[in-house]
Amino acid sequence: MSTHTNFSRRSLLQVLAGAPLLPLSSALAGLSLSACGGGTAVPAVTFSSVSFSSTTAPGLTNAAAMATTTVGSVMSANFSDNIKLDFKLAYQPFFITGDLVPDGNGGKVLAGGYYNISNQPIVDKSVVGKERQFFSDSPDGTSLLSVANAKVTGVKGNTVFAVVQFEYTTFAQDGVTSMYGQLPSPIAVLTLDQDPLTGKLSLVKYHNVDTSSVNGLWITCGASLSPWGTHLSSEEYEPNAFTAASDAQFKGYSKNLYGSETTANPYNYGHMPEVTVNADGTGSIKKHYCMGRLSHELVQVMPDNRTALMGNDATNAGYFVFVADKEKDLSAGSLYVAKVGTGFSLDPAAAGAALTWIKLGSATSAEIRAMVDGGIKPTDIMDVKSADPLDANYTKITANGRVEWVKLVAGKEKAAAFLETMRYAALLGASMGFTKMEGTTVNIKDKIAYSALQNCEGSMVVGNAANVPGNGISIPAILKAGAVMALSLGGGVKDLAGNAINSEWMPGNTKALLVGQDITADALGNTANPDKVGNPDNLKFSEKMRTLFIGEDSSQHVNNFLWAYNVDTKVLSRIMSIPAGGESTGLHAVDELNGWTYVMSNFQHAGEWLPIHANVKTALDPLVKANYKDKFGAAVGYLTAELTQPKLANKS
């Protein structure tokens, strides 16, 4: 359903009642829709808007609410004839990682379980006598979708699918050994049975995608659904190819994946994986080596099926755009990076700063992967020094929070553009000063993209050692609580060499939309205003609801939150609280799937205690452990909505 389209009340109820995610109470199924006219014909109505009330941020007077997912919001759906329907929201997990779930063949499989390159379970041996398969406490990017002619045994209603990726696991079973970045990220296809009458989703089958053909996956974070129905994954914090051979994390990753500390090639990671779901609930995967090797997160493809704005979750990050040569095919195209003009500000009242674009290069995925498979080394591409060589052939850059001096090897521009993307972008004068640029999403009607800055510090701040004067990204003071930026989109854009960019969806300006607020620690421990967004991460926009959903990854809120921001009314509503110490992840807003609307949401690492949790840790730690497998488990699920009114009530 599109906004402002006429529908019968029954069809409108079906679409909207699902709205953020459904099951509805049985009262709705038996609702008489002709009651308003005593049996006379019911006129068509039009959908007007959706609004959300705010969930109260939980406090220590209700420690149980702080230690789990808490939802106290009401969604109100408004119609043109003054009818308003209220829905009480709740959260429904499909599973907690570490659960045994159906594999579709009569057996069970471990949800979030890790596998090596031979698809054999990776076993945690850190506690003698309690050996078990590793499983993730950090589910992240999720896509909900349908596939033509889908057929999976066990589905009674509509067959729909969700693709879920697992970013990392925090600790081994001993609770001491860090496993961050040392296990190959699993990714799974969930077959879901969608009840045609209520929209309820039930897990029928869990299928692990075989990632051996793409050399395994590295730290898969946020994700998005492509316009053509594939899952666009991510590999963030690309390993440093110059230091990988001596890096304990990367050596551990290689050992767990291949059985050898030296087999994994860092140039195979930091790319953009794409998962295609098959009609039988299985999935296949490929990596696009031509979209830049950077800290990918939440790639957003525009409605032209070609232009992709990419989150770049890094220190000294930049805005990157990939324009594919062909629609619905990301295997070849051109890569661009932005230069930020004057006027950049975190003041929402400011006009913002213009963006111009540097072309880094054009390539196919196949030719870049051929370089990697052919054994190209980082020193074949460029020379990097950490101290000034006092040689004019080297250029001083700032990358990953460090000052470096770089000299490009002659003729290796293409290799540099697609394998040493971050350094090459800085070398060409791009504005590489953003800190932790996370989720991206698009408001199609208004031609505005949104981009999350989890923090605004370090390289963004005037006078910081990592800040590059003149790069356009210089703010006068730290704002740890972060901001959401709005980017205007349009066509007719030329790159800085004067060549036309073949896209009508290029960002032309960036300005602040929502800004967090740092505070002196309150009684609970929050160091960012709990009534404002703090450290935004996941972003998804619903065209139908005209709502920007925002998930937090905050080291400043004692409980992280999921927010809904109406871009027309400018109302910000807290709709869910994540277990304390956890992060809101896996956000996906689906406007219509077989007549129902959904908001998917996961969380990560509940009970990861930081200094802000000093006042609550003692009370909450045993509760979180009891709820989530001693803090090794985390939820994958979605929001539900239950009609609170027994019948339609005309406000007039």
Side-chain angles (χ1 to χ4, degrees), residues 236-251 261-262 264-271 289 292-295 312-320 335-340 356-361 363 368 371-372 374-437 457-474 496-497:
E236 72 173 3
Y237 309 130
E238 77 284 4
N240 187 340
F242 286 87
T243 60
S246 60
D247 181 77
Q249 181 192 52
F250 191 70
K251 288 163 65 177
E261 290 186 343
T262 60
N265 183 340
Y267 280 145
N268 279 320
Y269 309 101
H271 302 290
Y289 283 63
R293 184 173 167 273
L294 47 91
S295 191
N312 183 202
D313 184 6
T315 302
N316 295 102
Y319 285 126
F320 288 86
L335 183 63
Y336 300 87
V337 63
K339 195 169 182 63
V340 179
T356 51
W357 294 92
I358 299 168
K359 183 176 180 179
L360 296 179
I368 303 303
M371 293 180 188
V372 179
I376 194 169
K377 300 292 190 292
T379 50
D380 296 333
I381 301 171
M382 58 177 59
D383 187 27
V384 175
K385 297 188 181 301
S386 57
D388 189 348
L390 303 177
D391 183 337
N393 293 311
Y394 286 79
T395 301
K396 181 182 177 182
I397 67 167
T398 305
N400 297 314
R402 298 184 300 272
V403 174
E404 297 178 335
W405 285 261
V406 174
K407 181 177 70 172
L408 186 67
V409 174
K412 294 299 184 180
E413 290 81 4
K414 181 171 287 192
F418 295 96
L419 294 176
E420 289 292 338
T421 307
M422 302 285 277
R423 289 184 171 101
Y424 189 59
L427 188 63
L428 294 189
S431 294
M432 302 295 289
F434 294 104
T435 50
K436 291 190 69 63
M437 183 187 293
E457 55 186 351
S459 59
M460 292 185 68
V461 181
V462 172
N464 184 278
N467 180 255
V468 180
N471 75 351
I473 310 167
S474 295
L496 286 181

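Since the structure is predicted, the reported quantities are computational estimates derived from the model, not experimental observations.
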Can you check whether [Y]'s main-chain N or O pairs, donor with acceptor, with [X]'s side chain at less than 3.5 Å?
| X | Y | value |
| --- | --- | --- |
| Asn467 | Ile473 | yes |
| Lys377 | Gly375 | yes |
| Asp313 | Lys436 | no |
| Arg293 | Pro239 | yes |
| Ser295 | Glu236 | no |
| Thr421 | Gly292 | no |
| Lys339 | Gly429 | yes |

field: Pairing residues for Tyr336 by the ring pair (Phe, Tyr, Trp, His ring centres under 6.0 Å) criterion, not counting sequence neighbours
entry: none

message: Checking Tyr319 now: which residues fulfil ring pair (Phe, Tyr, Trp, His ring centres under 6.0 Å) with it, not counting sequence neighbours?
response: Phe434

- prompt: Which salt bridge (Lys or Arg N to Asp or Glu O under 4.0 Å) pairs, counting each pair once, include a residue from residues 389-410, with sequence neighbours left out?
  reply: Glu404-Arg423

query: Can you find a side-chain donor-acceptor pair between Tyr289 and Asn268 that sits under 3.5 Å?
result: yes

query: Of the options Ser386, Pro378, Pro266, which is the one that meets Phe242 in a side-chain contact (heavy atoms from CB on, under 4.5 Å)?
result: Pro378

field: With Ser459, the side-chain contact (heavy atoms from CB on, under 4.5 Å) member among Thr398, Val468, Asn471, Thr435
entry: Thr435

- prompt: More than 12 heavy atoms of other residues, nucleotides or ligands under 6.0 Å from NZ of Lys251: is that the case?
  reply: yes

